[in-house]
Asker: 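Right, I'll just put the structure down here and ask away after.
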Amino acid sequence: MITSVDLANLIFPDISETISDLENKYPLRNLPLEAKVTRFAPSPTGFLHTGSLFTALIGYKLAKDSNGVFYFRLEDTDTKREVKGSDLELISQLATFNILPDEGMTLDGEKGDYGPYKQSERENIYKIVIKEMIKNNLAYPCFCSKEELDDLRKKQEEDNVVPGYYGIYAKCRNISPEEAYKRIKNGESYVIRFRSSGDHNKYIKVHDEIRGDLELSENDQDIVILKSDNLPTYHFAHVVDDHFMRTTLVTRGEEWLSSLPIHLELFDALHFKRVKYAHLPVIMKLDENGNKRKLSKRKDNEAAVSYFLKAGYPSEAFLTYLMSIANSNFEEYLIANKDKNYHDFKLSLKKMSLDGALFDIEKLKFFSKEYLAKLNKDDFTSLALAYAKEYDPKLLELINRDVNYFKSIINIERERVNPRKDYSCFGELYEGIKYFYHDEYLKLINESLIFNPNFSKELLINLLNEFKSLSFDKDEQTWFSALKEIAKKYNFCIDNKEYKLNPDKYLGNTANVAEILRIAVTSKSETPNLFAILNVIGEKEYLDRLNEVINILSK
Ligand code: GLU
């Protein structure tokens, strides 16, 4: 008589190891009780999604906060969806954010004793487990064709019953080992299914580290665990991997919550100790009509992390922003602890928001401005340089002309208690600073030079000629007093109270005169502190610029 053992030997003739061999090969980790072992387990299906970075950050942070282990596992068993090369891109983009796995796939290849960390290289491990499952009647080969499964689904729809491969609908679950043996010998193609003993009319208690205790319907589906291409499905592979890699906490997107009963049933059936699960909120955005929806890979630029890298948001600021989505008390923490950052903050799953975290670009800009403003000029410059090298050749060219000149530009009103918050990302830098460079400045004033139309060209030219005598090599006060003298001479009011009372007696006030000077030397009506700008460009350039503008006005 053919038994399930014979069947298992027929299907996996080369497998002689057992689950207990695997238990010995991958021993429990020698870590303190509170240390969490977490992982990031992406599929190589393209770019790093903002939601995936969020998931990676949470796993990383929980491991770091508890002196645990964070590892990277590549879930590449869905060969149809695989995008070649995206595995390395995922690893290197994570590295850009300084999320460096302790173990698993890293920039320097695989590290750690629990590998391989790429599912496609773990075939043998899955087969060992499945072989034992077949022997123990926990799994069986299923010969149903795609057409048969389609017909089944149609019939279930007509009968208004729960769709799927379960109970009486699971045609192959009752095939005898003998018949299965024959059909395999005859070369019929098959997949391997798990034999569920659940009942979807019953409930099981599950625990989610964010949501607490929940009741979900039991699984009763005989899910496929090994596909006809000999690769396992996610449901099965992650259970085996998280068990033998000795994960203690699975942090993954909430789209997996509904299949948790399948996963727990598999853990129980295999006598594996259940891992803990935390299902993280999906990142949403408000659509045109003000409704919340999931960030969409196809529709939303913000869905790809590369979008933010190209725009030049500093990675630390981006993670700070993601941390504020993760824990609502993080912002209060930052306000109360000015010199601390997200590395110091202790992330709590209990404080995770549940109703879909909303992506808010304005908030990201806020964190990013704060972060960039607090950098000293050298750190700012090295980040700007790294960005420019990768994404912004025009900016790179400006910086490379004279890095010290660049530093003096971006150091205006920096390195002090309330630094300026001009930039939310490095992508804004080129446009923001180009007027400091002579050739760029010339292009700007020749394209457009807009003074207040209330002032005649003659008046402007007279004022610009007067400005030539202003020296800015002493302090700002002295310079500004001299500017006021010029204002007074041309009947601009230098006393604001008086100007408010009698505006008609004057051509304007000191602010009008300062604006004329500002526009002339920078082409802009809004800039950082003008006195500081003049000191950066220096006297020769200052006089050149006044003459250029006088020339344009005189034409
Ligand atoms: N490969 C799965 C995904 O990319 C991972 C889910 C998990 O972390 O377990 O969604």
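Values in this document were obtained by computation on a predicted structure and should not be read as measured data. Basis for what follows: all heavy atoms, side chains included, without hydrogens, waters or symmetry-related copies. Both counts, for ligands and for their atoms, begin at 1 and track the order of listing.
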Asker: Okay, side chain of Asn341, backbone of His343: is any donor-acceptor separation there less than 3.5 Å?
Answerer: yes
Asker: Per the ring-ring contact (aromatic ring centres under 6.0 Å, His included) rule, which among Tyr321, Phe47, Phe426, Phe359 passes with Phe308?
Answerer: Phe359
Asker: Hey, is His238 touching ligand 1 through its side chain, its backbone, both or neither, going by heavy atoms under 4.0 Å?
Answerer: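 It is neither; nothing of His238 touches ligand 1.
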Asker: Apply ring pair (Phe, Tyr, Trp, His ring centres under 6.0 Å) to Phe236 and list each qualifying residue two or more places apart in sequence or on a separate chain.
Answerer: none
Asker: Return a yes/no value for Ser43: is any of its N or O atoms, backbone included, closer than 3.5 angstrom to an N or O of ligand 1?
Answerer: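 Yes.
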Asker: Using a 4.0 Å heavy-atom threshold (strictly under), name the region of Phe40 that reaches ligand 1: side chain, backbone, both or neither.
Answerer: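 Looking at Phe40 and ligand 1, no heavy atom falls under 4.0 Å.
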Asker: What atoms in ligand 1 come closer than 4.0 Å to a heavy atom of Arg39?
Answerer: 7 (C), 8 (O), 9 (O)
Asker: Listed by chain and number, what are the ring pair (Phe, Tyr, Trp, His ring centres under 6.0 Å) partners of Phe366, not counting sequence neighbours?
Answerer: none
Asker: With Arg29 as the cation and Tyr114 as the aromatic partner, state whether NZ or CZ is under 6.0 Å from the six-membered ring centre and within 45° of the axis.
Answerer: yes
Asker: What protein heavy atom is closest to atom 1 (N) of ligand 1, reported as residue, atom name and distance in Å?
Answerer: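 For this ligand atom, the closest protein heavy atom is Glu75 OE1, 2.7 Å.
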Asker: Checking the N or O distance criterion of under 3.5 Å, is ligand 1 in contact with Glu255?
Answerer: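 It does not: no N or O of Glu255 is found under 3.5 Å from an N or O of ligand 1.
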Asker: Is a donor from one side chain sitting under 3.5 angstrom from an acceptor on the other, for Asn219 and Glu265?
Answerer: yes
Asker: Which residue holds the protein heavy atom closest to atom 5 (C) of ligand 1, what is that atom called, and what is the gap in Å?
Answerer: Ala41 O, 3.1 Å
Asker: What is the nearest protein non-hydrogen atom to atom 7 (C) of ligand 1, stated with its residue, atom name and distance?
Answerer: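 The protein heavy atom lying closest is Tyr234 OH, 3.2 Å.
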Asker: Could you check atom 10 (O) of ligand 1 against the protein and tell me its nearest heavy-atom contact, residue, atom and distance included?
Answerer: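 So the nearest neighbour among protein heavy atoms is Trp256 NE1, 3.4 Å.
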Asker: If only side-chain N and O atoms count, and only distance matters, is there a donor-acceptor pair under 3.5 Å linking His235 with Gln221?
Answerer: no
